[in-house]
Novice: 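Below are the structure tokens for one structure; questions will follow.
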Amino acid sequence: MLKVKYIKEHIAEVKNGLRKRNWDEDGLKIVDEVLELDSRRKNIQQEKDQLLSEIKSLSKQIGGLMKTGETSAVDKIKAAIPEIKGRIKALEEEGGKVFTKLEDLLLSIPNVPHELVPEGKTEEDNFLYQAWEKPMPTLPEGALPHWELAEKYNLFDFKLGVKLTGSGFPVYRGKGARLERALINFFLDQATKAGYEEIWAPLMVNADSARATGQLPDKEGQMYHICKDDLYMIPTAEVPITNIYRDVILRESDFPIKMTGYTPCFRREAGSYGAHVKGLNRVHQFDKVEIVQLQHPDHSWAALDEMVDHVKSVLEKLELPYRIVRLCGGDLGFTSAMTYDFEVFSAAQEKWLEVSSVSNFLTFQSNRLKLRYKDKEGKIHLAHTLNGSALALARIVASLLENNQTADGIVIPEKLRPFTGFDIIN
RNA sequence: GGUGAGGUGGGUGAGUGGCUGAAACCACCGGUUUGCUAAACCGGCGUACUCUCAACGGGGUACCGCGGGUUCGAAUCCCGCCCUCACCGCCA
């Protein structure tokens with residue numbers, strides 16, 4: 001959520017940002033409407049504060065008079081109060097309406113894209129930031145997509161998942177399960193080595209947490225909700241990890257705060273079925289290692305680059321062909337100012353699969369989180385937040401299986417072997 | 001699931017209707033002293049919104065879990081809700 005103050009001071013910038021997100025001119029009126037509501041809010045509050053102040057001082061007078069026993073003077077003052085109270089009540093009602101409306105509008109304004117974010121409507125328009133220039137994997141005759149490989153080697157089982165839970169809940173078994181665990185450990189080790197503190201977080205969060213990172217109210221349908229206890233299954237580790245610092249005021253010297261965590265991720269993602277979401281490409285439960293940084297505003301762009309480099313190095317160690325795109329205005333997430341997507345080539349499907357999304361949210365997220373820091377002069381500012389996947393497991397597994405298949409079996413990348421304990425799946 | 005206790009500033013914790021945005025202590029920050037560290041002493045130290053000032057700063061309002069009520073006036077009284085802790089029961 002953007003601050004009104006920010007909008008007020010950057011009207012043109014905010015409007016251009018919305019244009020980049022393909023809002024039409026009519027939609028941009030929301031900006032003026034926000035400013036209009038905010039000035040009404042201010043006027044109402046000023047007037048109300050003035051009246052409250054009057055009552056307060058009258059009350060103090062009464063306090064003094066009571067002590068000296070001047071009850072007739074007290075009664076005179078009391079008589080004036082109901083009228084003031086009536087005016088306060090009217091202002092409160094109006095103010096409440098204005099405030100609610102303002103809040104609604106603010107919630108519907110997305111973050112301002114960075115100037116490097118390209119124009120565009122769909123993923124076709126994303127900027128290819130780093131292409132894959134080395135040779136693509138060569139597959140043997142009769143190469144199989146990962147879901148057939150999984151069946152052939154008994155690595156994971158969707159039908160069994162349906163029996164236990166429902167569609168989109170794969171059961172990993174044998175070397176498939178071990179591969180999953182190995183990747184998690186490998187990713188966590190990489191992140192820890194890069195200076196991220198490992199967090200083992202709850203898999204359910206309360207509504208306050210979901211609201212602070214922006215899942216509520218925007219993406220309520222995406223989360224599984226446990227009605228009885230009013231808890232939400234996390235769609236990403238970002239939610240519990242970032243919320244550790246909800247309502248916190250840091251010192252400047254606390255930066256950077258770097259955290260990583262593995263969690264399963266639960267996504268309802270209703271309504272998308274068919275060939276393009278076959279196998280592990282899209283599931284309701286998948287595993288992911290997330291990296292999160294809380295940064296001083298001066299350093300968040302450098303931190304974004306650092307996170308991109310981290311993800312790169314992990315993919316290189318796995319020897320997977322990847323490319324990086326910078327998302328265009330139309331593809332950019334609501335809360336993000338700039339996002340790099342990492343895509344890994346899945347050779348048998350001949351498709352690029354998104355495996356990581358690294359974003360800088362600037363103060364958009366910290367505003368709702370109330371994550372702030374105090375500078376040397378003691379002034380308080382919003383911190384910057386960033387996060388990225390490093391990495392999402394299911395699609396990594398898909399491409400790893402497909403790309404590394406040989407006539408003898410599926411070869412495990414060398415760096416991963418200490419974690420799997422085997423070097424081939426056959 | 002049952003019973004009981006309790007939610008006050010970064011922490012401990014005082015405060016049962018006006019002089020309390022809130023004692024005291026600890027932590028933290030600044031200073032004095034000191035060969036260094038420590039100790040001692042002095043001073044400072046909540047957040048949000050808002051007005052004002054070139055700026056330093058100054059003013060107003062709200063906030064003692066959340067929401068509502070009583071009252072001229074509420075941290076303090078009343079009602080509802082939420083949460084935490086302890087013990088018992090059940091249990092990985």
Novice: Mind checking the C1' distance from B/A24 to B/C82? Whole angstroms is fine.
Specialist: 31 Å
Novice: Below 3.5 Å is the cut-off: list the nitrogen or oxygen pairs between protein and nucleotides 72-76 of chain B, distance only.
Specialist:
residue: B/C72; atom: O2'; partner: A/Ser59; partner atom: OG; Å: 3.1
residue: B/G73; atom: OP1; partner: A/Lys85; partner atom: NZ; Å: 2.8
residue: B/G73; atom: O4'; partner: A/Ser59; partner atom: OG; Å: 3.1

Novice: Is there a ring pair (Phe, Tyr, Trp, His ring centres under 6.0 Å) between A/Tyr373 and A/His381 once you walk through the steps?
Specialist: CA-CA 6 Å; A/Tyr373 72 93; A/His381 311 274; 5.4 Å; yes
Novice: Return the pairing partner of B/A54 with a 3.5 Å limit on both distances, Watson-Crick or G-U wobble; otherwise return none.
Specialist: none
Novice: Shortest non-hydrogen contact from A/Glu13 to A/Val112?
Specialist: O-CG1, 3.9 Å
Novice: Say whether, by atom type as modelled, one donor and one acceptor occur between the side chain of A/Arg395 and the main chain of A/Glu354 under 3.5 angstrom.
Specialist: yes
Novice: Using every non-hydrogen atom in the two residues, find where A/Gly409 and A/Tyr153 come nearest and quote the distance to one decimal.
Specialist: CA-OH, 3.5 Å
Novice: What distance, rounded to whole Å, do you find between the two P atoms, one in B/C81 and one in B/A86?
Specialist: 24 Å
Novice: What interatomic distance, in whole Å, is found between P of B/C77 and the corresponding atom of B/G15?
Specialist: 12 Å
Novice: If every non-hydrogen atom of A/Glu402 is compared with every non-hydrogen atom of A/Ala348, which pair is closest and at what distance?
Specialist: OE1-N, 3.0 Å
Novice: Paired with B/G43 by Watson-Crick or G-U wobble geometry, both distances under 3.5 Å: which nucleotide is it?
Specialist: B/C29
Novice: Which heavy-atom pair separates A/Ile77 from A/Gln61 by the least distance, and what is that distance?
Specialist: CD1-OE1, 3.5 Å
Novice: Of all of residues 197-207 of chain A, which get a heavy atom below 4.0 angstrom from RNA chain B, listed by number?
Specialist: none
Novice: How about CD on A/Glu151, more than 12 heavy atoms from neighbouring residues, nucleotides or ligands closer than 6.0 Å, or not?
Specialist: no
Novice: Between A/Tyr224 and A/Phe266, what is the ring plane arrangement, given parallel below 30°, perpendicular above 60°, and tilted in between?
Specialist: perpendicular
Novice: Using atom C1' of each nucleotide, how far apart are B/G58 and B/A40 to the nearest Å?
Specialist: 36 Å
Novice: Donor-acceptor pair, A/Asn243 side chain versus A/Ser209 backbone, under 3.5 Å?
Specialist: yes
Novice: Would you mind listing every side-chain hydrogen bond (donor to acceptor under 3.5 Å, both in side chains) that reaches into residues 105-121 of chain A, with sequence neighbours excluded?
Specialist: none
Novice: Can you tell me the base-pairing partner of B/A74? Count Watson-Crick or G-U wobble geometry only, both distances below 3.5 Å, and say none if there is no partner.
Specialist: none
Novice: For B/A22 and B/G44, measure between their P atoms and round to the nearest Å.
Specialist: 13 Å
Novice: May I have the step-by-step check of side-chain hydrogen bond (donor to acceptor under 3.5 Å, both in side chains) for A/Thr260 and A/Glu198, ending in yes or no?
Specialist: CA-CA 5 Å; A/Thr260 185; A/Glu198 186 171 339; over 6 Å; no
Novice: More than 12 heavy atoms of other residues, nucleotides or ligands under 6.0 Å from CD of A/Glu220: yes or no?
Specialist: no
Novice: Sticking with atom C1', work out how far B/G9 lies from B/A75, rounded to a whole angstrom.
Specialist: 13 Å
Novice: Expressed as a whole number of Å, how far does the P atom of B/C78 sit from that of B/G6?
Specialist: 13 Å
Novice: With rounding to whole Å, what would you report as the distance between B/U16 and B/G11 at their P atoms?
Specialist: 22 Å
Novice: With a 3.5 angstrom cut-off on both distances, give the Watson-Crick or G-U wobble partner of B/C64, or none if there isn't one.
Specialist: none
Novice: Once you measure the plane-to-plane angle for A/His296 and A/Phe255, does it fall in the parallel (<30°), tilted (30-60°) or perpendicular (>60°) bin?
Specialist: perpendicular
Novice: If pairing requires Watson-Crick or G-U wobble contacts with both distances under 3.5 Å, which nucleotide is the partner of B/A38?
Specialist: none
Novice: Which pair of non-hydrogen atoms, one from A/Pro235 and one from A/Cys265, has the smallest distance, and what is that distance?
Specialist: O-CB, 3.2 Å
Novice: So which nucleotide does B/A23 pair with, by the Watson-Crick or G-U wobble rule with both distances under 3.5 Å?
Specialist: none
Novice: When every nucleotide of nucleotides 46-63 of chain B is labelled 5' to 3' by its protein contacts under 4.0 Å (heavy atoms), B for base, S for sugar-phosphate only, - for none, what sequence of letters results?
Specialist: -SSBSS--------BSS-
Novice: Could A/Lys101 and A/Asp104 be called an ion pair, given the rule that one side-chain N must be under 4.0 Å from one carboxylate O?
Specialist: no
Novice: Quick one: look up who B/A5 pairs with, Watson-Crick or G-U, both distances under 3.5 Å, and put none if it's unpaired.
Specialist: B/U84
Novice: Return the minimal non-hydrogen interatomic distance between A/Ser389 and A/Ser356, and the atom names on each side.
Specialist: O-OG, 2.5 Å
Novice: For nucleotides 67-70 of chain B, give me every protein contact, N/O to N/O, under 3.5 Å, one pair per line with atom names.
Specialist:
none

Novice: Do A/Lys312 and A/Tyr322 form a cation-pi contact, if we require the NZ or CZ to be under 6.0 Å from the six-membered ring centre and within 45 degrees of the ring's axis?
Specialist: no
Novice: Between the protein and nucleotides 90-92 of chain B, which nitrogen or oxygen pairs are less than 3.5 angstrom apart?
Specialist:
none

